[in-house]
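Model, not experiment: these values are computed from the prediction. Hydrogens, waters and symmetry mates are skipped; everything else that's a heavy atom, side chains included, is used.
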Amino acid sequence: MDTIEDKITRYKKGYVNGEVRSNEYEARIKQEKRLNMKLDLADTMFNEIPFTFTKSQKEHVKELIRLFPNFKELHSQASNEEVILSLIYYVKSLEMKRFATHQDLINKYVTPKKQDKFTDIAEIIFWKITLYYISNSYIRPRQPEHIDHNILYKG
């Protein structure tokens, strides 16, 4: 038989005897549903944009969506569609053979009324993705043997 303390701790954790699912389990299910909705939205947007996408480009966009499941980290005021469109343009511009810039892509496929707003949103998202990769990459300083750093620092 459980003591009152055991029952209280289980209740605080969000699980009560007789419940089928705990609160944590329900929250995880909701998170997975939201993520799957964003992935489905990305698939729909791939079909609407007049670019041709390779399988690796589509997978790269989906990995970015999985990497940033909370789109508010990327831009606090952008809608899901704007964030996903920015991710698509980010991946497409990374892998383009020509030297087209992000602005060329935006000018070509976003309506003129929304270009200024979308340009700002996309630029912020591009920078946040780049900063994430820079902050999580391991850079090891290399010490050349033929340079005396003490002389350089005194200088």
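Atoms CG and CD, on Leu67 and Glu73 in that order, are 8.5 Å from each other to the nearest 0.5 Å. Interatomic distance, Lys62 NZ to His60 NE2, rounded to the nearest 0.5 Å: 13.5 Å. In this structure, the separation between CD1 on Ile134 and CD1 on Ile129 is 12.0 Å, given to the nearest 0.5 Å. Between Ile65 atom CD1 and Glu63 atom CD the span is 10.0 Å, to the nearest 0.5 Å. To the nearest 0.5 Å, the span separating CD on Gln77 from CG on Asp120 amounts to 11.0 Å. Atom OH of Tyr132 is separated from atom NZ of Lys128 by 14.5 Å, given to the nearest 0.5 angstrom.
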Can you list the steps and then say if Glu59 with Thr54 is a side chain to side chain contact (heavy atoms under 4.5 Å, CB included)?
CA-CA 9 Å; Glu59 286 303 314; Thr54 63; over 6 Å; no

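For Leu87 against Ile125, the heavy-atom pair with the smallest separation is CD2-CG2, 4.2 Å. Of all heavy-atom pairs spanning Gln57 and Thr52, the tightest one is OE1-O, 3.8 Å. Pairing each heavy atom of Lys38 with each of Ile84, the nearest pair is O-CD1, 3.5 Å. The shortest heavy-atom contact between Ala122 and Ser86 is CA-OG, 3.6 Å.
Linking ILVMFWY side-chain heavy atoms closer than 4.5 Å, directly or via other members, places Leu74 and Leu35 in a single hydrophobic cluster. Side-chain heavy atoms closer than 4.5 Å link hydrophobic residues (I, L, V, M, F, W, Y) into clusters, and following such links, even through other members, never connects Ile124 to Ile121. The same ILVMFWY cluster, assembled from side-chain heavy atoms under 4.5 Å apart, contains both Tyr89 and Tyr133.
Within a 6.0 Å sphere centred on NZ of Lys72, other residues, nucleotides and ligands contribute more than 12 heavy atoms.
In terms of modelled atom types and a separation under 3.5 Å, the side chain of Lys58 and the main chain of Phe53 share no donor-acceptor contact. Glu82 contributes a side-chain N or O that, together with a main-chain N or O of Ser79, makes up a donor-acceptor pair within less than 3.5 Å.
Under the 30°/60° scheme for interplanar angles, the aromatic rings of Phe126 and Tyr90 are found to be tilted.
Screening Leu85, Asp40, Val61 against Met45 for a side-chain contact (heavy atoms from CB on, under 4.5 Å) leaves a single residue, Leu85.
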